[in-house]
Amino acid sequence: MLQETAKILWNEPVAEAVYRMGLTGGVQYAAADPGQFVTLRLPGESTPLLRRPFSIHRVHTSQGRVKRIEILYKAVGDFTRKLARQKKGDTLDLLGPLGHGYTVSPHIQSAALVAGGIGVAPMVFLAEKLKSAGTLLKDSVACLGGRSAADILCEADFQSMGIETQIATEDGSLGEKGLVTTVLADWLKNNKPDMIYACGPMPMLDAVSSIARQHERPCEVSIETIMACGVGACLGCAIKDTEHGQGYGHVCIDGPVFRADRVLGIRY
Ligand code: FES
């Protein structure tokens with residue numbers, strides 16, 4: 001983890017209120033795991049006082065050297081709306097990589113990646129890392145869900161890597177009408193992935209976890225919560241965690257990615 005001043009290389013809209021931002025990033029991102037995050041602060045800004053966390057969406061390397069990192073974010077609050085107004089060449093205070101990411105291993109031969117809305121942000125990086133580790137993306141699936149077609153992001157990125165995509169929207173404007181968990185459950189009738197990875201709203205994570213349990217598949221979820229420090233100092237992100245000695249873990253250092261059976265089914 002390193003704090004640095006990062007230059008914005010691009011900050012472009014990719015969908016309604018959704019932006020992709022490219023940033024210069026240090027060598028430490030060469031070893032970043034998918035699911036890890038960075039925190040950002042606008043220089044000279046006293047409000048908000050807190051740094052804001054963003055999943056790493058991609059790490060671009062060339063000959064093993066980090067060229068840039070990328071985040072994918074939705075401009076929904078004061079901070080992210082200000083972020084959306086930043087221009088190429090502006091700088092940001094960047095801290096990362098932080099937290100604990102998804103398990104990637106040559107033993108994972110096939111996988112289901114399940115994303116709700118902007119929860120897709122770490123999944124493209126995850127798919128790239130799985131591919132490098134030898135996971136068979138042709139036997140894997142990316143299940144993408146949202147309220148409407150505008151919430152379905154990065155479909156082309158998955159398809160370009162050879163992963164089948166399954167789409168569900170609540171209003172039926174794209175893919176199946178309904179929830180992403182339904183298309184996951186359907187896919188699992190004929191497939192037995194070595195891992196189910198999920199990122200999205202808490203009810204979706206609960207549902208994915210319970211489907212994984214029914215199908216006896218291991219499952220990892222990325223938990224979203226309010227973070228103040230992002231480095232384990234403020235204790236503001238505590239969650240019940242059955243594997244933590246004290247009974248509580250911290251999303252920012254023990255997560256945000258946890259094995260689903262460690263943290264779900266227990267409210268915090
Ligand atoms: Fe401060 Fe996790 S955000 S301890």
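Note that ligands are numbered from 1 as they come in the structure, with each ligand's atoms numbered from 1 the same way. All residue numbers refer to positions in the sequence shown, counting from 1.
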Item to check | side chain to side chain contact (heavy atoms under 4.5 Å, CB included) against R85, all qualifying residues, sequence neighbours excluded | outcome: R81, K82
Item to check | Distance in Å, K192 NZ paired with S110 OG, rounded so as to fall on 0.5 Å steps | outcome: 10.0 Å
Checklist outcome for this item: CG of D206 to CD1 of I211, rounded to nearest 0.5 Å, is 11.0 Å
Checklist entry - Cut-off 3.5 Å, side chains only: do Y73 and N11 have a donor facing an acceptor? => result yes
Next on the checklist: Between E220 and T103, do the side chains contain a donor N or O and an acceptor N or O under 3.5 Å apart?
Outcome noted: yes
Checklist entry - Taking atom 2 (Fe) of ligand 1 as the center, what protein N, O or S atoms are found at less than 2.8 Å? => result C237 SG, C252 SG
Item to check | Residue E16 excluded, over 12 heavy atoms near CD under 6.0 Å | outcome: no
